[in-house]
Peer 1: 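Starting off with a structure, shown below.
Below, read A as the first sequence line, B as the second, and so on, with proteins coming before strands; counting in each chain starts at 1.
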Amino acid sequence: NAGVTQTPKFQVLKTGQSMTLQCAQDMNHNSMYWYRQDPGMGLRLIYYSASEGTTDKGEVPNGYNVSRLNKREFSLRLESAAPSQTSVYFCASRNQGVVGMAFFGQGTRLTVV
Amino acid sequence: AQSVAQPEDQVNVAEGNPLTVKCTYSVSGNPYLFWYVQYPNRGLQFLLKYITGDNLVKGSYGFEAEFNKSQTSFHLKKPSALVSDSALYFCAVRDDGTASKLTFGTGTRLQVTL
């Protein structure tokens, strides 16, 4: 019963490098999300995908791109990493319908030096 | 735009005492409200939700929350705190008109001591 799986768990990047954070869910959820968590700022929505084939910007999309590869997978890409993107990144998925609660992955701790 | 405020960065309480973690919200439509808990180095876990109906909702681990529409609040409560309740708690809201976007507060760290 995996739920939401994120890879990698930890990553250190140099400024300007690129990388993709992977997320997969096995609950047949339609909606998927990427959040970043920073001290004192809670969780801020980067991008979300309400259903397969659609993606939308959240609060803090600059510097990121996403791909909803299929219903299971939703990836987050940093094209040119910056120190301001040092954060903990969480992927989440949610049941279709207004009452569905979100399930979260374990997070990816990213450091950009 | 929807928003959530958690006015306390940290709440300290002695084991066995009641606890309250505060949350207020702002939405344009009817609110759907959630509480999540995060233990160190883990993702968020769902605790409870308010969608409609009874203003007092009960959730996991003995937690409950009271929805107050006039005060736009959704405070998390527990009658008797445990040391194991120490964690980071997040309140979240979704507007019934924005079915996908879930907005989180900044989080409140609960510290329960012996």
Peer 1: Starting at CG of A/Leu43, measure out to OG1 of B/Thr106 and round the result to the nearest 0.5 Å.
Peer 2: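 The OG1 atom of B/Thr106 is 10.5 Å from CG of A/Leu43, to the nearest 0.5 Å.
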Peer 1: With a 4.5 angstrom heavy-atom cut-off, is it the side chain or the backbone of B/Gln38 that approaches chain A, or both, or neither?
Peer 2: side chain
Peer 1: Count I, L, V, M, F, W, Y as connected when their side-chain heavy atoms are under 4.5 Å apart, and connections chain through other members. Are B/Phe67 and B/Tyr32 then in the same cluster?
Peer 2: no
Peer 1: Please check if the number of heavy atoms outside A/Lys71 that lie under 6.0 Å from its NZ is greater than 12.
Peer 2: yes
Peer 1: Does atom CZ (B/Arg109) have a neighbourhood of more than 12 heavy atoms from anything else shown, all under 6.0 Å?
Peer 2: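 Incorrect, the count does not exceed 12.
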Peer 1: Assigning hydrophobic clusters by single linkage (Ile, Leu, Val, Met, Phe, Trp, Tyr; side-chain heavy-atom cutoff under 4.5 Å), is B/Leu82 placed with B/Val13?
Peer 2: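 B/Leu82 does not cluster with B/Val13.
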Peer 1: What part of A/Arg109 gets within 4.5 angstrom of chain B, counting heavy atoms only: side chain, backbone, both, or neither?
Peer 2: side chain
Peer 1: Once you round to the nearest 0.5 Å, how far does CZ of A/Phe104 lie from CZ of B/Arg42?
Peer 2: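 It comes to 14.0 Å.
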Peer 1: Taking C-beta and beyond as the side chain, do B/Leu88 and A/Gln37 meet within less than 4.5 Å on heavy atoms?
Peer 2: yes
Peer 1: Is A/Leu76 reachable from A/Tyr48 through a run of I, L, V, M, F, W or Y residues, each pair having side-chain heavy atoms under 4.5 Å apart?
Peer 2: no
Peer 1: Let me check something: do A/Tyr64 and A/Met19 share a hydrophobic cluster, defined by ILVMFWY side-chain heavy atoms less than 4.5 Å apart, either directly or through other members?
Peer 2: yes
Peer 1: Evaluate the side-chain proximity of A/Gln106 to B/Asn41: yes if any heavy-atom separation is below 4.5 Å, no if none is.
Peer 2: no
Peer 1: Looking at A/Tyr35 versus B/Phe104, is the centre-to-centre ring distance below 6.0 Å?
Peer 2: yes
Peer 1: Given the options A/Gln6, A/Arg44, A/Met41, which has more heavy-atom pairs under 4.5 Å with chain B than any of the others?
Peer 2: A/Met41
